[in-house]
Asks: 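Would you mind keeping the following structure in view while I ask a few things?
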Number of protein chains: 2
Amino acid sequence: MSVSSFWEPYSELQAELESVTHLMAKQIRLRNKEIETVLLESIYRGGKMIRPAYTLLFSKFGDNQQVERTLALSAAVELLHTATLIHDDIVDDSPLRRGVPSLQAQYGKDVAVYAGDYLFTVCFRLLSNYADPTEQVEVNTRGMERILMGELDQMYLRYNKNISIRSYLTQVSGKTAQLFALACYSGALNGGQTEKFSRNSYYIGSHIGMAFQIIDDILDYSQTSIVFGKPVLEDVRQGIYTAPLIFALQEKNARLKELIDKEAQLTESDAKEIQQLVIRLNGLEKAKQLAEKYTQKAMKRIEQLPDQKEKEQIKKITLSLLERHI
Amino acid sequence: MSVSSFWEPYSELQAELESVTHLMAKQIRLRNKEIETVLLESIYRGGKMIRPAYTLLFSKFGDNQQVERTLALSAAVELLHTATLIHDDIVDDSPLRRGVPSLQAQYGKDVAVYAGDYLFTVCFRLLSNYADPTEQVEVNTRGMERILMGELDQMYLRYNKNISIRSYLTQVSGKTAQLFALACYSGALNGGQTEKFSRNSYYIGSHIGMAFQIIDDILDYSQTSIVFGKPVLEDVRQGIYTAPLIFALQEKNARLKELIDKEAQLTESDAKEIQQLVIRLNGLEKAKQLAEKYTQKAMKRIEQLPDQKEKEQIKKITLSLLERHI
């Protein structure tokens, strides 16, 4: 699913996302040209640009249509996302990101620490240049604080074999759902809509983010490394236990327990056995139901949006996003 | 030189710095109470609070005296400083910071990455809550960008034995002088003074920062680890070559060259030999002259400040800061 193929049905949005990409790239100016090139490449190669797409779409409900500001807010959301990914890769020692070597794997954690910091800074500079700062800087910083709390929670729950679905959901709510919630909320505020509308947008984003992360975690158990771009069950080896495994662990299977207890010593064949056990113990099935629950919650709130073109687009995009091959 | 003893002669300033400390601490709110405690401890144990002291002092020249905002801007400067220190320690693998184990040594790089990010975020939240955001957020983000460029430069010049004094000064200008410049400039803007006054304040801060860092680098060669709180010549082992060594290397001493070529393999006794060679080859003496040059530049500009109590305080503080035992 590349940027272009996913957004092809929405040509206006696609063009705007290209402007967002250019705006992001235009902000990157470093004396060190090697790092500058790396950052620019990572922006142009990019991700799916899902979060800025939501910011763009939710901006269109109000009557306050300032194109420049809308692009800046969308770019800020994606920069925040990219910065957290770079720092996540340091913490996880990830060899790959989006199918290519991660910045820290290629240039070392030193570069990755400062490169991530630099993108955070660029994000706040953009907000201060273009946006109504009091409101948007505050919204963005509060969102970022919640994201960092989620990351810290996740670290502290590593290798905890008694982790509950509730704790898992708290983590996901911080590390993934917040950024989706921020993307939608920031767009809604920008459009100049009512507080009630903005709050609804926030919850739509949050529910989408929950479903999105649960599906990501499901894919980790249902796909091979080649398709997915990262090693199978790398998370488990690092002590990060997600919904499919947590549900499977509730079945008290002795062999599964034994395998998980190997922690960082898990071999590739252990990983495959865990994968099979999780499927056999209905972990995947239950995780899918959980994701479905959040998708439904999101769709129900999307229904409450005013009837206009963007409502239909948000519906379609959300459904195709949450119907990745699971 | 503890916070209290250094600021004792300036009781009003000392009281304000205490308020800044409390304001910083009040901003730290994490679900994870262990990390929260670590951050609070590091704030209360604190550094010398030199940078916020300059922000407070430069705020007092104009007619725009909003106490809350002044405290917030000062806290933001110190939070930015603390966050960069935490991330620097990850990059340097520093075992110690301010004489006690660094956050990354104690809790791992994972916690340190996110804890630093969190403090950056808190800094920008503070700016957006209290300050005139367009201007102050922009000033702070531009300052932070320059700091990060300095850090990236430093990494790329590691183990470069042909590093010139000019390159060294460019690095120092980014990684240290910027934050001092920001501290003074942000205070001056806050006071509501003229653009000319603010620009002069910026250069005062920049010159002070240059002298401060050169002196720090001199102390690395002239003090023992016990007094200074970090291992002797740790920088050299990590390929960071500073003024005293760069001047000494210009003398083309064969033995010094041989020792430096050992890079990360330097032993404790090699380090002591380097220290003696740097002194014998006049590296320390020349570095002192360089620091003195920046001190003089700073003092010349401080003389141009309007005659009021704070001018005298800035003079005294700057001189005692730049006359640390070298």
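Quick note: numbers below take in every heavy atom, side chains included, and nothing from hydrogens, waters or symmetry partners. Just so it is clear: chains get the letters A, B, ... in the order the sequence lines come, proteins before strands, and each one is counted from 1.
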Asks: Should the pair A:Phe124 and B:Phe124 be assigned to parallel (<30°), tilted (30 to 60°) or perpendicular (>60°) ring geometry?
Replies: parallel
Asks: Only heavy atoms, only distances under 4.5 angstrom. Which residues in residues 144-151 of chain A are near chain B?
Replies: A:Met144, A:Glu145, A:Leu148, A:Met149, A:Gly150, A:Glu151
Asks: Side chain, backbone, both or neither: which part of A:Asp153 has an atom under 4.5 Å from a heavy atom of chain B?
Replies: side chain
Asks: What parts of residues 165-189 of chain A touch chain B if we use heavy atoms and a cut-off under 4.5 Å?
Replies: A:Thr170
Asks: Which one wins on heavy-atom pair count under 4.5 Å against chain A: B:Val113, B:Leu152, B:Val111, B:Asp117?
Replies: B:Asp117
Asks: Above 12 or not: heavy atoms from other molecules or residues under 6.0 Å from OH of A:Tyr203?
Replies: no
Asks: According to side-chain hydrogen bond (donor to acceptor under 3.5 Å, both in side chains), who are the partners of B:Thr70, at least two apart in sequence or on a separate chain?
Replies: B:Asn190
Asks: Where along residues 22-39 of chain A does a heavy atom come under 4.5 Å of chain B, listed by residue number?
Replies: A:Arg29, A:Leu30, A:Arg31, A:Asn32, A:Glu34, A:Ile35
Asks: If you take all heavy atoms of B:Ile90 and A:Lys109, which pair is closest and at what distance?
Replies: O-NZ, 3.5 Å
Asks: Would you check if there is a donor-acceptor pair between the side chains of A:Asp88 and B:Tyr114 at a distance under 3.5 Å?
Replies: yes
Asks: Side chain, backbone, both or neither: which part of A:Tyr118 has a heavy atom under 4.5 Å from chain B?
Replies: both
Asks: Nearest 0.5 Å, please: how far is CG in B:Asp110 from NE2 in A:His87?
Replies: 12.5 Å
Asks: Name the one of B:Thr121, B:Leu127, B:Leu126 that satisfies side chain to side chain contact (heavy atoms under 4.5 Å, CB included) with A:Thr141?
Replies: B:Thr121
Asks: Counting only heavy atoms not in A:Glu68 (residues, nucleotides, ligands), do more than 12 fall under 6.0 Å from its CD?
Replies: no
